[in-house]
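Contents: one structure, followed by commentary.
So that the names make sense, note that chain A is the first sequence line, chain B the second, and so on, each numbered from 1.
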Number of protein chains: 2
Amino acid sequence: MRATTGVRLTGPLLAAASPETRAALLAHASVLTVPRGTTILAQDTPADRLLVLLQGSVGLSNAEDGGTATMVEIIAAGDALSIAPVLLQVPHAVSAVALAPCRLLALSAEEFRAAAALDAGLMRAAMEQMARQWRLMMDQVVDLKTRDATQRAARFLLHRLPAQRGAVDIPEPRGAIAARLGMTPESLSRALHGLEAAGLLRLQGRRVDVTDRAALLRVSLPRAGASQGARRV
Amino acid sequence: MRATTGVRLTGPLLAAASPETRAALLAHASVLTVPRGTTILAQDTPADRLLVLLQGSVGLSNAEDGGTATMVEIIAAGDALSIAPVLLQVPHAVSAVALAPCRLLALSAEEFRAAAALDAGLMRAAMEQMARQWRLMMDQVVDLKTRDATQRAARFLLHRLPAQRGAVDIPEPRGAIAARLGMTPESLSRALHGLEAAGLLRLQGRRVDVTDRAALLRVSLPRAGASQGARRV
DNA sequence: CAGCTCCGTTGATCTGAATCAATCCCGGCA
DNA sequence: TGCCGGGATTGATTCAGATCAACGGAGCTG
């Protein structure tokens, strides 16, 4: 296996490591292929390996001791699962399940920690990932506080949309997306069909064809007069 | 200044550094005292110093390019503001304003970065803080998705409550708390007075006297049948 | 290939919380 | 001590979205 190939296919985290570090880590790495619905990580379980999502889609959900589980984030290909638990040697704070067929790269947690301690670039990349995940969570908080269901749905699509206008494939079940967006599947369906009726997009099963990207962006902006959380001291 | 005094007053972050590192950092540190309403950090501004909140209360808010600002978190004494921006040398992702009169410890960002690079304990504590802040944000997402206004208000009080039953002082303006909880001040008022009417607590201006902590905890649990985000794949 | 099950959609209704609109009350100040 | 101003409270109304319910279609299985 050529190292450079590994780099490109492996996401920003390992890309930041020196070629030697990366080669060492990849030497013992394995690739998992799992079908939709597989539980990849269980909450409150020790973090014995670092997983990088190569392909597919993974949902992160948190169950409070009570039992109610909540979909907290949907991870895109290229991202690493649970860097923090691996580095800090604490149990996973969330469970991860495959929302679509997935390919994952699995690295030994111990080796990764050792590598991060020695390779400053890798350590920095790990911290950047943690900061990024904080930001994603913060963005979601902002979304939930300032945007209504339709706006959140519009924004979700925009985030998924490749560079230019066009169609996106949404492999995840609607219920998972609705949960991530903090609404019921019924509401998501209505929001999506409302956008379609407005002529901004076209729904074709799990493919969404965005006709008017600019209008979709406009829809996704929070209403100016929103008060929730918009108070100055 | 005795170093040990500094430790205790300085929060878990600096407590994790070696005595020498800590002494070196504290040597150039300064203490700020600011009145309520002061903007302590501005979003999109370079992170040139690390601030540790010694006393008071600080609100973190995020303004999207559009302009709508949202209260994203309220920081408790002992916590550090914006560790990630300091370590990664990126601009602040949020603004910070004093929600009550505050005392803050200010350290040079550059010195802190240097210290963290040399002192493994400090580096680990910094990562722990980042992980903790991610978790706080995730908890908030869960709250917003699974709890109604009254439950979120109850939970907020419980988090503030000292070890044993008793009264808490809530120095922040109601509007700021409401924003943090993702509701309007009107709704917060109604939630709080509802809990008072139920006999769980007693409102006395900015002091809240919790009569029945167990019942408050019970109230704060998400309803079992909550569907939002509670779907299995 | 037929049946079944699960997922997504659609409709009707209900409810929690936002909005709009007055007060009320506390703290600061003259 | 009385006035003033802004935050907090309370009430009336409205509305977005949850809930309840039923239906349609796609994919899997026997």
Side-chain angles (χ1 to χ4, degrees), chain A residues 35-37 59 68 70-71 99-101 143-154 170-179 181-197 202-208 219 222-233, chain B residues 35-37 59 68 70-71 97 99-101 143-154 169-179 181-197 202-208 219 222-233:
Chain A
R36 184 195 315 268
T68 324
T70 312
M71 175 79 54
L99 302 179
D143 263 25
L144 289 167
K145 286 184 182 173
T146 66
R147 274 176 252 263
D148 66 26
T150 302
Q151 293 169 327
R152 296 204 296 275
I170 310 289
E172 300 87 356
R174 291 284 203 267
I177 298 172
L181 295 177
M183 66 186 77
T184 58
E186 293 95 321
S187 290
L188 176 60
S189 178
R190 282 186 246 268
L192 255 19
H193 286 262
L195 291 170
E196 181 176 44
R202 194 133 185 58
L203 295 169
Q204 307 163 41
R206 45 186 71 269
R207 173 158 251 107
V208 177
V219 165
R223 51 250 139 100
S227 66
Q228 254 194 169
R231 298 288 202 284
R232 70 262 165 287
V233 181
Chain B
R36 185 195 314 269
T68 324
T70 311
M71 175 79 55
V97 330
L99 302 179
D143 263 25
L144 289 167
K145 286 184 183 174
T146 67
R147 273 176 252 263
D148 64 27
T150 301
Q151 293 170 327
R152 296 204 296 274
D169 218 54
I170 310 288
E172 300 88 356
R174 291 283 203 268
I177 298 173
L181 295 178
M183 65 187 79
T184 59
E186 293 95 322
S187 290
L188 176 60
S189 179
R190 282 187 246 267
L192 255 20
H193 286 263
L195 291 171
E196 181 175 44
R202 194 134 184 59
L203 295 170
Q204 308 163 41
R206 46 186 69 268
R207 174 159 249 105
V208 178
V219 165
R223 51 250 137 102
S227 67
Q228 254 192 170
R231 297 289 202 283
R232 70 265 168 282
V233 181

Rounded to the nearest 0.5 Å, how far apart are [atom1] of [X] and [atom2] of [Y]?
{"X": "Thr184(A)", "Y": "Arg174(A)", "atom1": "OG1", "atom2": "CZ", "value": "13.5 Å"}
{"X": "Glu196(B)", "Y": "Leu203(B)", "atom1": "CD", "atom2": "CG", "value": "4.0 Å"}
{"X": "Glu186(B)", "Y": "Leu188(B)", "atom1": "CD", "atom2": "CG", "value": "10.0 Å"}
{"X": "Leu192(A)", "Y": "Ile170(A)", "atom1": "CG", "atom2": "CD1", "value": "8.5 Å"}

Could you state the [atom1]-[atom2] distance from [X] to [N], rounded to the nearest angstrom?
{"X": "Arg206(A)", "N": "dG25(D)", "atom1": "CZ", "atom2": "P", "value": "18 Å"}
{"X": "Leu192(B)", "N": "dT10(D)", "atom1": "CG", "atom2": "P", "value": "11 Å"}
{"X": "Leu144(A)", "N": "dA16(D)", "atom1": "CG", "atom2": "P", "value": "18 Å"}
{"X": "Leu188(B)", "N": "dG16(C)", "atom1": "CG", "atom2": "P", "value": "18 Å"}
{"X": "Arg36(B)", "N": "dG28(C)", "atom1": "CZ", "atom2": "P", "value": "10 Å"}
{"X": "Leu203(B)", "N": "dC26(C)", "atom1": "CG", "atom2": "C1'", "value": "15 Å"}
{"X": "Ile177(A)", "N": "dT9(C)", "atom1": "CD1", "atom2": "P", "value": "10 Å"}
{"X": "Glu172(B)", "N": "dA8(D)", "atom1": "CD", "atom2": "P", "value": "11 Å"}

Which of these nucleotides, [options], is closest to any side-chain atom of [X]?
{"X": "Thr184(A)", "options": "dG16(C), dT19(C), dA18(D)", "answer": "dA18(D)"}
{"X": "Arg190(A)", "options": "dC20(C), dT9(C), dA12(C)", "answer": "dA12(C)"}
{"X": "Met183(B)", "options": "dG11(C), dA18(C), dA8(D)", "answer": "dA18(C)"}
{"X": "His193(A)", "options": "dT9(D), dA17(C), dT10(C)", "answer": "dT10(C)"}
{"X": "Glu186(A)", "options": "dT10(C), dA16(D), dG16(C)", "answer": "dT10(C)"}
{"X": "Arg174(B)", "options": "dA16(D), dT10(C), dT9(D)", "answer": "dT9(D)"}

Quick one, Arg152(A) with Leu144(A), criterion side chain to side chain contact (heavy atoms under 4.5 Å, CB included). Give me CA distance, side-chain angles, the key distance, then yes/no. CA-CA 8 Å; Arg152(A) 296 204 296 275; Leu144(A) 289 167; 3.9 Å; yes
Strictly below 4.0 Å: does Ser189(A) bring a side-chain N or O up to OP1 or OP2 of dT9(C)? yes
